[in-house]
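Everything on this sheet refers to the single structure shown next.
Heads up: numbering here begins at 1 and tracks the sequence. As the structure is a computational prediction, the values presented were derived from the model and not from experiment.
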Amino acid sequence: RNLEKYKGVIPAFYACYDKEGNEAEGVQALTRYFVEKGVKGVYVNGSSGECIYQSVEDRKNIHGNVMKAAEG
């Protein structure tokens with residue numbers, strides 16, 4: 001088991017919706033902020049609460065935008 005990947009800060013990730021209900025720009029901006037600050041990972045669609053109110057498509061979009069901004 002390699003537990004090294006679990007060391008450091010891994011915050012719950014909040015979806016960042018704008019006034020029109022779009023999340024791409026805000027999600028990518030928050031992801032880039034975390035990467036710049038040295039965060040080792042984020043807990044996407046996890047314990048932050050909004051996940052239970054999102055459709056599967058919304059959750060996939062958020063995850064995709066996090067991966068895009070984090071460059072994998």
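No single ILVMFWY cluster, assembled from side-chain heavy atoms under 4.5 Å apart, contains both I10 and V66. Placement of V35 and Y14 in two distinct hydrophobic clusters is found when ILVMFWY residues are connected by side-chain heavy-atom separations under 4.5 Å, directly or transitively.
Remark: E57 engages no residue in a side chain to side chain donor-acceptor pair (under 3.5 Å) (not counting sequence neighbours).
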Less than 3.5 Å apart, which donor and acceptor atoms pair up between the side chains of residues 19-30 and the rest of the protein, not counting sequence neighbours?
from : atom 1 : to  : atom 2 : distance (Å)
E23  : OE2    : N65 : ND2    : 3.4
Q28  : NE2    : N65 : OD1    : 2.6

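Side-chain contact between T31 and F13 is present, with heavy atoms from C-beta onward closer than 4.5 Å. In this structure, the side chains of P11 and F34 come closer than 4.5 Å at one or more pairs of heavy atoms.
For the atom pair NZ (K68) and CG (N61), the distance works out to 11.0 Å, reported to the nearest 0.5 Å. Note that CD of E4 is 10.5 Å distant from NZ of K40, once rounded to the nearest 0.5 Å.
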